[in-house]
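Worksheet for the structure shown next.
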Number of protein chains: 2
Amino acid sequence: MAHEVEQRALARYLEEHSLKHTKQREAILDVFLEAKGHITSEDLYQAVRSRHAQIGYTTVYRTMKLLCEAGLAHEHNFDGTARYEIAHEHHDHLVCTRCGKIIEFECEMIESAQNRIAASYGFRVLRHRHELYGHCAECQTSRHSDS
Amino acid sequence: MAHEVEQRALARYLEEHSLKHTKQREAILDVFLEAKGHITSEDLYQAVRSRHAQIGYTTVYRTMKLLCEAGLAHEHNFDGTARYEIAHEHHDHLVCTRCGKIIEFECEMIESAQNRIAASYGFRVLRHRHELYGHCAECQTSRHSDS
DNA sequence: CTGAAAATGAATGTGATTTTCAATTTCATT
DNA sequence: AATGAAATTGAAAATCACATTCATTTTCAG
C-alpha cells in the first residue's frame with residue numbers, strides 16, 4: 001500500500017473517533033492521492049470504480065467528507081460542483097473559465113490585509129474563499145480571445 | 001413608479017436586446033430595489049407576491065437573471081442558495097456563519113495585489129469572489145461563543 | 001468467536017435551480 | 001385600432017448535485 005504517511009494519518013483519525021478502518025476507505029484515499037489536481041466526487045468515483053468495481057458512489061462521497069474532516073483533503077466549489085484537493089499549505093485559486101485550469105497562489109500581503117479588515121469589524125474569521133475567475137494565458141492567445 | 005433611473009436602465013437594456021417591457025419585469029425590479037441587503041430568489045418572490053399575487057416564481061427567478069445581465073443586480077452564493085444585491089461599487093463580503101449577517105468591505109490594497117498576481121501568471125481576471133466566513137462581533141460575545 | 005456498533009451501497013429523498021410548453025402579452029407594422 | 005410574429009408568462013415537470021434511509025455486511029473489542 002502506497003501513501004503510507006497519509007494512510008497512517010487516516011488510521012489515527014479513525015481510531016481517535018471510534019470509526020472503523022475499512023478496505024473502501026483505504027482504497028479511496030489511495031486513489032484520491034494519486035489523482036492530481038482538483039477532482040470532483042463523480043470523477044473520483046469513476047477513478048475508484050475502475051480499480052475497485054464494488055465500491056459505490058455513496059461511499060466515495062462520504063469518504064471524501066471524512067477525509068476533509070480528518071484534514072487530509074480540502075473541499076472547494078468553483079462552479080456549483082464540489083471539488084477535492086490534497087490538503088497542503090493554505091492558498092487561493094485562479095480559475096480559467098474557458099479551459100477549467102486551476103492555478104494556486106499564495107499572498108501573505110492579502111492574508112494580513114484580510115485579518116486587519118476582519119479585526120476592524122470585530123469579526124473572527126474561521127475560513128475564507130478567494131478566487132479569481134478569468135482566462136489563462138493559453139486561452140487568451142487562442143482564437144475567440146476577445147470579450 | 002419609483003426608481004426611475006433603474007427603470008430607465010432596464011428599459012434601455014430591453015430595447016437594445018429586443019426584449020419586451022412587461023409589467024412583471026417592472027414590478028420585480030421595483031420590489032427588488034426596495035428590499036435591502038442580500039435577498040434570496042425565494043424571499044424576493046414572497047415580497048413580490050404580497051404586492052402582485054399573480055406573478056409566479058419562475059418569472060421572478062428569470063427576471064433576476066435578466067437584471068444581473070443588465071448590470072442592475074449581482075448574484076452571490078454564500079451558502080448554496082443564490083442571493084441578489086443591488087449593483088454598486090465593487091466590494092467583498094464578511095459572512096457570519098452564526099447569524100447570517102453579511103458585511104461588505106473594500107480594500108484597494110487587496111485589489112491591486114490580486115491584479116499583480118494574476119498578471120504574473122498571464123491571467124486575465126474577469127471577476128472574482130473573496131469572502132471571509134466566521135463570527136461577527138455580536139455572535140462572539142453571546143453564549144456558545146467558543147470553538 | 002461473538003455481538004454491538006459502524007459502514008456499505010442501492011435506492012430514494014431533498015432543495016435549489018432550470019426547462020418545458022400551452023396560453024398570453026408585447027409592439028412594430030398595417 | 002387591428003394584425004401577427006416573436007417574446008413572455010407561469011404551472012408543472014425535469015434536472016442536478018447533494019444528502020439520507022435502511023437492510024445487509026463488516027469491523028473489532030472483549
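Letters go in sequence order (proteins before strands), and every chain restarts at 1.
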Problem - Lys/Arg-Asp/Glu bridge criterion (N-O < 4.0 Å) met for A/Glu85, A/Arg83 - result: no
Practice task
Please work out which residues in residues 69-85 of chain A have a non-hydrogen atom less than 4.0 Å from an atom of DNA chain D and list them by number.
Solution key: A/Gly80, A/Thr81, A/Ala82
Problem - Spacing between B/Arg62 atom CZ and C/dA16 atom P, to the nearest angstrom - result: 19 Å
Problem - Contact check, side chains of B/His93 and B/His91, non-hydrogen atoms, under 4.5 Å - result: yes
Exercise for the section: For DNA chain D, note the earliest and the latest nucleotide, 5' to 3', having some atom under 4.0 Å of a heavy atom belonging to chain A. Expected result: D/dA17 to D/dC28
Problem - Residues A/Glu15, A/Lys20: salt bridge by 4.0 Å N-O rule - result: no
Practice task
Examine C/dT8: is either OP1 or OP2 under 4.0 Å from a nitrogen or oxygen in the side chain of A/Gln54? Give yes or no.
Solution key: no
Exercise for the section: Decide yes or no for B/Gln54 and B/Arg49: does some side-chain heavy atom of the first lie under 4.5 Å from some side-chain heavy atom of the second? Expected result: no
Exercise for the section: Using a heavy-atom cut-off of under 4.0 Å over every strand shown, decide if A/Arg25 touches base, sugar-phosphate, or nothing. Expected result: sugar-phosphate
Completion exercise
Heavy-atom nearest nucleotide on DNA chain C taken for B/Lys65 and for A/Gly56; more 5' hit belongs to A/Gly56
Side-chain polar contacts of residues 60-72 of chain A - donor-acceptor pairs under 3.5 angstrom, sequence neighbours left out - could you list them?
from	atom 1	to	atom 2	distance (Å)
A/Thr63	OG1	A/Thr59	O	2.6
A/Lys65	NZ	A/Glu75	OE1	3.1

Exercise for the section: Could you give me the CA-CA distance, side-chain angles and deciding distance for B/Asp92 and A/His130, then say whether side-chain hydrogen bond (donor to acceptor under 3.5 Å, both in side chains) is met? Expected result: CA-CA 10 Å; B/Asp92 297 310; A/His130 191 183; over 6 Å; no
Practice task
Could you tell me the separation between the CG atom of B/Leu66 and the P atom of C/dT26, rounded to a whole number of Å?
Solution key: 16 Å
Exercise for the section: Specify the residues of residues 11-23 of chain B, ordered by number, for which at least one heavy atom lies under 4.0 angstrom from an atom of DNA chain D. Expected result: B/Ser18, B/Leu19, B/Lys20, B/Thr22
Handout entry: Side-chain touch B/Leu94/B/Glu104, heavy atoms, less than 4.5 angstrom
Key = no
Problem - Test item: B/Glu34 and B/Arg51 side chains (from C-beta on) under 4.5 Å apart, heavy atoms - result: yes
Enumerate, atom names and distances included, each donor-acceptor pair closer than 3.5 Å involving a side-chain atom of residues 105-112 of chain B, sequence neighbours excluded.
from	atom 1	to	atom 2	distance (Å)
B/Glu111	OE2	B/His90	NE2	3.3
B/Ser112	OG	B/Glu108	O	3.3
B/Ser112	OG	B/Met109	O	3.0

Practice task
Answer whether the closest heavy-atom distance between the side chains of B/His135 and A/Val125 falls below 4.5 Å.
Solution key: no
Exercise for the section: Determine, for B/Arg8 against B/Glu6, whether the closest basic-nitrogen to carboxylate-oxygen distance falls under 4.0 angstrom. Expected result: no
Handout entry: A/Phe78 backbone acceptor or donor facing A/Tyr133 side chain under 3.5 Å
Key = yes
Handout entry: Pair A/Glu138 + A/Lys101: basic N to acidic O under 4.0 Å
Key = yes
Problem - A/Gln24 vs B/Tyr57, nearer the 5' end of DNA chain D by closest nucleotide - result: B/Tyr57
Fill in the blank from the handout: The correct set of residues in residues 41-53 of chain A placing a heavy atom under 4.0 Å from DNA chain D is none
